[in-house]
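This report concerns only the one structure given below.
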Amino acid sequence: VQLQASGGGLVQAGGSLRLSCAASERTFRRYVMGWFRQAPGKEREFVALITWSGGSTQYAESVKGRFTISRDNAKNTVYLQMNSLKSDDTAVYYCAAGASARIYEDNYDYWGQGTQVTVSS
């Protein structure tokens with residue numbers, strides 16, 4: 001499965017962005033999809049995940065209540081709606097596809113190339 005993330009950019013604090021991650025195959029719908037991010041000088045961290053049906057989601061505490069993950073299996077796409085953005089959200093955001101609903105990177109077999117999100121204060 002090839003994943004293509006898009007939608008990053010420069011936004012002011014308090015603003016919103018929606019990231020998209022398009023998958024190359026219809027088998028996309030079999031996978032748990034996750035978003036991770038890596039800020040400069042820091043390790044990559046879990047942001048959110050959604051199960052294959054969209055029936056269950058999980059979020060990092062730092063984004064809970066501000067970010068929403070969703071998916072459209074008909075379009076082979078997963079989204080991350082990011083509201084009330086803070087400077088701490090500045091990072092490269094990666095989408096990933098995995099077999100089970102876990103927050104750990106080694107659970108995910110396929111990764112997108114990343115999209116830069118920069119939040120100015």
Side-chain angles (χ1 to χ4, degrees):
V1 177
Q2 292 184 328
L3 303 174
Q4 180 74 38
S6 61
L10 174 64
V11 63
Q12 289 189 333
S16 298
L17 280 176
R18 188 175 82 154
L19 305 183
S20 299
C21 176
S24 60
E25 301 179 9
R26 292 184 64 186
T27 53
F28 160 84
R29 64 193 64 189
R30 301 177 186 174
Y31 292 96
V32 170
M33 296 300 298
W35 285 98
F36 291 75
R37 66 185 182 186
Q38 187 168 21
K42 296 185 177 181
E43 293 187 353
R44 190 156 56 185
E45 64 176 3
F46 167 77
V47 175
L49 67 82
I50 187 167
T51 54
W52 68 272
S53 66
S56 181
T57 58
Q58 189 172 348
Y59 297 92
E61 285 297 322
S62 59
V63 307
K64 204 173 284 186
R66 299 188 298 122
F67 290 12
T68 302
I69 189 171
S70 61
R71 67 191 295 164
D72 185 339
N73 287 340
K75 296 182 179 180
N76 293 348
T77 303
V78 63
Y79 305 98
L80 186 68
Q81 178 66 44
M82 305 185 296
N83 299 329
S84 302
L85 283 161
K86 307 174 183 179
S87 57
D88 287 349
D89 296 318
T90 294
V92 177
Y93 283 72
Y94 298 88
C95 59
S100 56
R102 302 183 68 189
I103 68 171
Y104 305 105
E105 288 189 38
D106 60 5
N107 177 67
Y108 294 84
D109 300 313
Y110 305 99
W111 291 81
Q113 86 288 1
T115 184
Q116 176 71 47
V117 172
T118 303
V119 183
S120 63
S121 56

Anything under 3.5 Å between a donor and an acceptor, one on a side chain of residues 13-20, the other on a protein residue two or more places apart or in another chain? List them.
from: Ser16; atom 1: OG; to: Asn83; atom 2: OD1; distance (Å): 2.9

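- Between Val47 and Met82, every side-chain heavy-atom pair lies at or beyond the 4.5 Å cut-off.
- Annotation: Gln2, atom CD; neighbour count of heavy atoms from other residues, nucleotides and ligands within 6.0 Å does not exceed 12.
- Gln113 places no side-chain N or O within 3.5 Å of a backbone atom of Gln4 that could act as its donor or acceptor partner.
- Val63 and Leu49 fall into different hydrophobic clusters, where Ile, Leu, Val, Met, Phe, Trp and Tyr residues are linked whenever their side-chain heavy atoms come under 4.5 Å apart, directly or through other members.
- Between Gln38 and Lys42 the shortest heavy-atom distance is NE2-O, 3.1 Å.
- One hydrophobic cluster, built from ILVMFWY side chains closer than 4.5 Å, cannot hold both Phe36 and Val78; they sit in different ones.
- In this pair, Phe67 and Tyr93 present their aromatic rings tilted. The plane angle is within the 30 to 60° band.
- The heavy-atom pair separating Leu80 from Ala48 by the smallest distance is CD1-CB, 4.2 Å.
- A 4.5 Å side-chain heavy-atom check between Gln116 and Thr90 finds at least one atom pair inside the cut-off.
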Next item on the list: For side-chain contact (heavy atoms from CB on, under 4.5 Å), just list the numbers for Met33 and Phe28, CA-CA rounded to whole Å, side-chain angles, deciding distance to a tenth of an Å, and then say yes or no.
Entry: CA-CA 9 Å; Met33 296 300 298; Phe28 160 84; 3.6 Å; yes
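- Taking the six-membered ring for Trp and thresholds of 30 and 60 degrees, Trp111 and Tyr94 have ring planes more than 60 degrees apart, a perpendicular arrangement.
- A donor-acceptor contact shorter than 3.5 Å links the side chain of Tyr108 to the backbone of Arg102.
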Next item on the list: Applying side chain to side chain donor-acceptor pair (under 3.5 Å), run through Asn107 and Ser100 and close with a yes or a no.
Entry: CA-CA 7 Å; Asn107 177 67; Ser100 56; 2.6 Å; yes
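- Side-chain contact between Arg37 and Val117 is absent, with no heavy atoms from C-beta onward closer than 4.5 Å.
- In this structure, the side chain of Arg71 does not engage the main chain of Val32 through any donor-acceptor pair within 3.5 Å.
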